[in-house]
Every structure is written in C-alpha cells, then in structure tokens.
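Every chain is numbered from 1, with letters handed out A, B, ... down the list of sequences. It should be emphasised that the depicted structure is a prediction, and the values quoted were computed from it without experimental measurement.
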Number of protein chains: 2
Amino acid sequence: MPERKPRKDAARNRAAVFAAADTLFAQCQSPEEVTMADIAAAAGVGKGTLFRAFGDRSGLIRALCEARLEPIRNAVEEGSPPLGPGTPPPERVPALLDAVLCFKFDHRHLALALEGTGADSPYRAEHYERWHALLRDLLEQIPGVTDSDFTAHALLAATRADLVAYLAGEKDVTREQLRLQLADFTAGILGTRARRGSAAEH
Amino acid sequence: MPERKPRKDAARNRAAVFAAADTLFAQCQSPEEVTMADIAAAAGVGKGTLFRAFGDRSGLIRALCEARLEPIRNAVEEGSPPLGPGTPPPERVPALLDAVLCFKFDHRHLALALEGTGADSPYRAEHYERWHALLRDLLEQIPGVTDSDFTAHALLAATRADLVAYLAGEKDVTREQLRLQLADFTAGILGTRARRGSAAEH
DNA sequence: AAAGATACGGACCGCTGGTCCGTATCGCAA
DNA sequence: TTGCGATACGGACCAGCGGTCCGTATCTTT
C-alpha cells in the first residue's frame with residue numbers, strides 16, 4: 001500500500017492552510033481576490049509548501065471542499081433517515097438536495113471557488129460524480145420520472161453555487177426561503193406536490 | 001443623443017475582432033487558452049485597440065455574445081410563434097428554453113467563455129436578466145406553477161453552458177437527445193407531460 | 001489642403017500561478 | 001543521546017497574463 005503517514009509538521013501545516021484558506025475565502029467577495037500567496041502568508045507557511053502539498057490552486061480548493069464536505073458525506077452514506085440509506089427514494093431525494101443546498105449556502109465562498117476553477121470543472125470533481133450517481137439511482141426508483149440521468153443533472157444545477165450566491169447576495173433571498181423554493185421545485189419534478197413547511201433540522 | 005457613428009476603420013476592426021475571437025474560441029478546448037494577445041494578433045490588430053473598443057476581456061466576450069444572440073433575441077421579441085409574442089405560455093416556455101439550449105449547444109465555446117467570466121457573472125449579464133424576466137412572466141401565467149421566479153432560475157440552470165459542454169463533450173449526448181431531455185424536464189415542471197418527439201426546426 | 005478629432009499599436013507594467021533548490025526539520029536506529 | 005537519511009520547508013525566481021499609455025497614423029470635415 002502506498003499510504004504512508006505524513007510527517008508531523010506536514011500535517012500541522014496542512015491544517016493551518018485549510019483554516020487560513022477558509023477564513024480568507026469567507027472574508028472576500030470573489031474567490032479570485034484570494035491569491036495563493038495570501039493563503040500561504042495567512043497560514044504562516046511558504047508558497048512552495050502550499051504547492052507541494054496540493055499541486056495547484058484547484059487542488060487546494062478541492063481538498064478543502066472535500067474536508068468540509070465529509071460530515072454530509074458520512075450522513076448520506078451511513079447516517080439515519082431521511083439522509084441515510086434505507087430511506088424511501090421519494091423522501092430521500094429532497095433530503096439530499098436540501099443537504100446540498102444548505103452546504104452551498106453555508107459555504108458559498110468555498111463552493112464558488114470550487115466551481116469557478118477551470119472551465120468545465122464542476123463536473124470533473126468527484127463530488128459531483130458521486131452525488132449525481134446517487135441521485136440518478138434514487139430517481140430511477142421513483143415511478144413517473146423519465147430520464148433520471150438528465151433529471152439528476154438538472155436538479156443539481158438548481159443548486160449551483162453562483163446561483164445560490166446571487167440569490168442570497170443580490171436578491172436577499174434567505175436560507176429558509178431558498179430551501180422552501182428548492183423543495184417545491186423538487187416536489188414538482190417528483191410529482192409529490194402539496195405539502196408545505198418542512199424546513200427544519202440543519 | 002450621445003450616439004455617434006464610429007470611424008470606418010474602427011468598425012472594420014470591430015468586425016475583424018469578432019470573427020477572430022469566434023474562430024479562436026471555437027478551436028480551443030477551454031476558453032482560458034485564448035488570450036487577448038492571441039485575439040488581437042489573429043485579427044491583425046494591436047492589443048490597445050482591442051481594449052479600447054471593449055474595455056476588458058469580459059466586455060469583448062459580452063459584446064460578441066450579444067451580437068451572436070441577436071437573431072434569437074429578435075425571434076423572441078417580434079418573431080412568429082412558438083417563439084414570438086402572442087404564443088400561449090404553456091407552448092412558449094418550452095420553445096424559449098429550447099432556443100436557449102440550442103444556442104448554448106451551437107456556441108458552447110462562446111457561452112462557456114461568457115459564463116466563466118468573473119465569479120457570479122452569468123447572473124450579472126443583461127442576457128440573463130432579460131431571459132429570466134420573460135420566463136418568469138410566462139410562468140406566472142401558467143396555473144399550477146408555484147414560485148415562478150425561482151422556477152425560472154432553475155429551468156435556466158438546466159441549460160448552463162458548462163453542463164451542456166460536459167454532456168456533449170464527455171458523455172457524448174447529441175444535440176437532439178439533449179433537446180428531448182430538456183423538453184421532458186420542462187414538461188414535468190409545467191404539468192404538460194405525455195407528448196413525445198417534438199424536436200424539429202432550428 | 002490643412003487641421004482637429006479619433007483610433008492605432010506595441011512597449012511597458014503589476015501581479016499571479018507555479019517552479020526550484022539550498023537549508024532546516026523530522027523520525028528512526030544505534 | 002547522537003547521528004544520519006529522508007522528508008518538508010520557504011522565498012527568490014520565472015513566464016505569461018490582463019491591462020495601460022502615449023507618440024504616431026489615419027480619418028473626416030470644411
């Protein structure tokens with residue numbers, strides 16, 4: 001196995017970089033305002049360290065996202081309903097989308113940085129591949145849903161980071177409003193209309 | 001009126017730049033590979049000219065998009081059904097989305113460049129504002145559609161340039177497949193399910 | 001034809017992501 | 001504890017980008 005434990009200072013620096021990047025991205029309006037040199041300086045680390053640890057800018061952002069995403073990932077893979085496995089698809093799909101939306105809202109700076117990396121990057125990230133696959137499989141099990149593959153893409157597109165940031169930042173849409181709107185939209189697709197006011201938890 | 005006719009050479013250069021940029025974007029995989037200097041050189045023009053005419057990179061791309069988008073814009077504003085005004089909303093909405101999708105597909109390099117400009121740019125462009133407003137108004141007139149504002153955003157999100165490019169480029173989805181998928185998806189939202197095989201024209 | 005207005009173009013600048021390698025630190029073995 | 005190979009550090013350094021500037025060329029008007 002090529003897995004070897006990292007040196008102590010390396011591990012500490014990695015954490016420091018994550019923390020610094022998180023803070024900087026959260027403070028700035030646009031992710032482009034945060035340079036690699038800024039992050040290195042804020043973390044008290046040399047630029048070389050930063051690039052050796054993560055390869056390049058998008059590597060850093062991806063790693064940071066992955067780290068912050070772990071709780072949700074766990075909740076989905078082995079948590080309890082409605083997010084966890086074993087939940088009936090018509091209930092799990094909205095829960096999943098809601099979780100994604102909440103993440104994108106709460107970490108919009110980070111998500112924005114991730115999706116703004118490269119040209120067609122959002123779809124080359126493993127996150128996306130995973131979530132899309134899961135969502136597709138769930139939709140497959142719901143009668144009345146045609147073309148679950150595209151539908152999964154389209155539903156996820158409704159949670160795009162820049163859309164969320166735009167609605168939250170320019171249009172003053174609140175978190176709960178957004179959640180409700182997405183839930184309604186999803187219900188429309190699934191044929192599960194009617195219900196109201198199911199935005200608790202998180 | 002502050003509108004003054006431009007000098008002859010200026011007009012010719014403008015056209016030359018548009019042509020050069022179009023070609024270059026179409027040839028390259030990612031829009032980032034095309035530099036301003038490249039465009040200037042291909043157009044047989046100095047870099048200064050380019051920046052004076054369009055302000056900056058995103059200005060160029062926006063202007064180019066606007067130019068290429070004009071036919072559709074006309075068709076929507078004063079064309080004949082199903083795109084033009086006077087068409088009943090349940091028929092016009094899918095037509096509009098189909099037109100947008102076709103444009104994004106046929107000009108994906110350009111659309112990709114546009115959406116990749118800045119951080120939250122896609123939503124600051126006038127295109128988007130216009131199309132969203134129109135779509136919202138149409139949805140408003142369709143009974144059974146809740147929250148037409150968000151729904152309009154979500155539907156447009158399904159036509160995002162990078163998603164289209166990804167599906168077309170990596171997943172080998174054809175133009176007609178995509179059109180059908182989007183039409184189905186739209187029908188689901190509108191409550192107009194059932195029909196099949198309505199991908200002609202364009 | 002001549003002058004004023006307008007546009008040209010490429011040298012130039014600041015800054016960014018990314019590289020490189022001499023030096024410091026770590027972990028292990030004796 | 002000491003010593004030594006392996007690993008990681010850090011900041012000077014580089015190439016390339018978007019964008020600016022201003023002396024010069026071209027147009028337009030009378």
Side-chain angles (χ1 to χ4, degrees), chain A residues 1-21 24-25 27-64 112-119 121, chain B residues 1-21 24-25 27-64 112-119 121:
Chain A
M1 58 198 76
E3 283 295 328
R4 305 183 40 196
K5 55 157 64 178
R7 245 168 61 169
K8 216 187 317 186
D9 50 350
R12 199 192 22 197
N13 279 339
R14 186 180 175 87
V17 167
F18 275 170
L24 287 182
F25 278 128
Q27 280 172 353
C28 289
Q29 203 57 27
S30 165
E32 297 164 10
E33 293 169 21
V34 180
T35 78
M36 291 292 111
D38 287 341
I39 298 176
V45 153
K47 237 171 53 159
T49 301
L50 214 161
F51 279 96
R52 194 169 349 84
F54 301 101
D56 59 6
R57 178 174 233 261
S58 94
L60 201 204
I61 295 172
R62 228 177 294 138
L64 182 51
L112 217 47
L114 178 71
E115 295 187 10
T117 294
S121 63
Chain B
M1 59 198 73
E3 283 295 328
R4 304 184 39 195
K5 56 158 63 174
R7 247 168 62 170
K8 218 187 317 185
D9 51 350
R12 198 190 25 191
N13 280 338
R14 187 181 174 87
V17 167
F18 275 170
L24 286 182
F25 278 127
Q27 281 172 352
C28 289
Q29 202 59 27
S30 165
E32 296 164 11
E33 292 169 21
V34 181
T35 77
M36 291 291 111
D38 288 340
I39 297 176
V45 151
K47 236 171 52 160
T49 301
L50 214 159
F51 279 96
R52 195 169 346 86
F54 301 102
D56 59 5
R57 180 175 231 259
S58 94
L60 202 204
I61 294 172
R62 230 177 291 138
L64 183 51
L112 218 47
L114 179 70
E115 295 188 11
T117 292
S121 62

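Note: CE (A:Met36) to P (D:dA12) measures 19 Å, nearest angstrom. Distance, A:Phe54 CZ to C:dG17 P: 15 Å, rounded to whole Å.
When distances run from any side-chain atom of B:Ala10 to the nucleotides C:dC8, D:dG18, C:dG17, the shortest one goes to C:dC8. For B:Asp56, counting side-chain heavy atoms from C-beta on, the closest listed nucleotide (D:dC17, C:dC8, D:dG19) is D:dG19.
Listed pair B:Asn13 / C:dC8 meets the phosphate criterion, a side-chain N or O lying under 4.0 Å from OP1 or OP2.
With the nearest nucleotide of DNA chain C identified for both A:Gly55 and A:Glu33, A:Glu33 has the one nearer the 5' end.
At least one side-chain heavy atom of A:Leu60 sits less than 4.5 Å from a side-chain heavy atom of A:Met36.
Legend: residues meeting side-chain contact (heavy atoms from CB on, under 4.5 Å) with A:Ala42, ordered by chain and number and at least two apart, are A:Ala20, A:Leu24. Every residue two or more places apart in sequence or in another chain that forms a side chain to side chain donor-acceptor pair (under 3.5 Å) with A:Asp38 is listed here: A:Thr35.
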Using a 3.5 Å cut-off and no angle test, enumerate the donor-acceptor pairs between side-chain atoms of residues 47-54 of chain B and protein atoms at least two apart in sequence or in another chain.
none

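For residues 8-18 of chain A, the salt bridge (charged side-chain N to carboxylate O under 4.0 Å, His left out) pairs, not counting sequence neighbours, are A:Arg7-A:Asp9.
If you take CZ on B:Phe25 and CG on B:Leu64, they are separated by 7.5 Å, rounding to the nearest 0.5 Å.
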- [ ] List the protein contact pattern of nucleotides 25-30 of chain D with one symbol per nucleotide (5' to 3'): B for base contact, S for sugar-phosphate-only contact, - for none; contact means a heavy-atom distance under 4.0 Å.
- [x] -BSS--
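For the contact set between residues 39-52 of chain B and DNA chain D, defined by any heavy atom under 4.0 Å, the members are B:Lys47, B:Gly48, B:Phe51.
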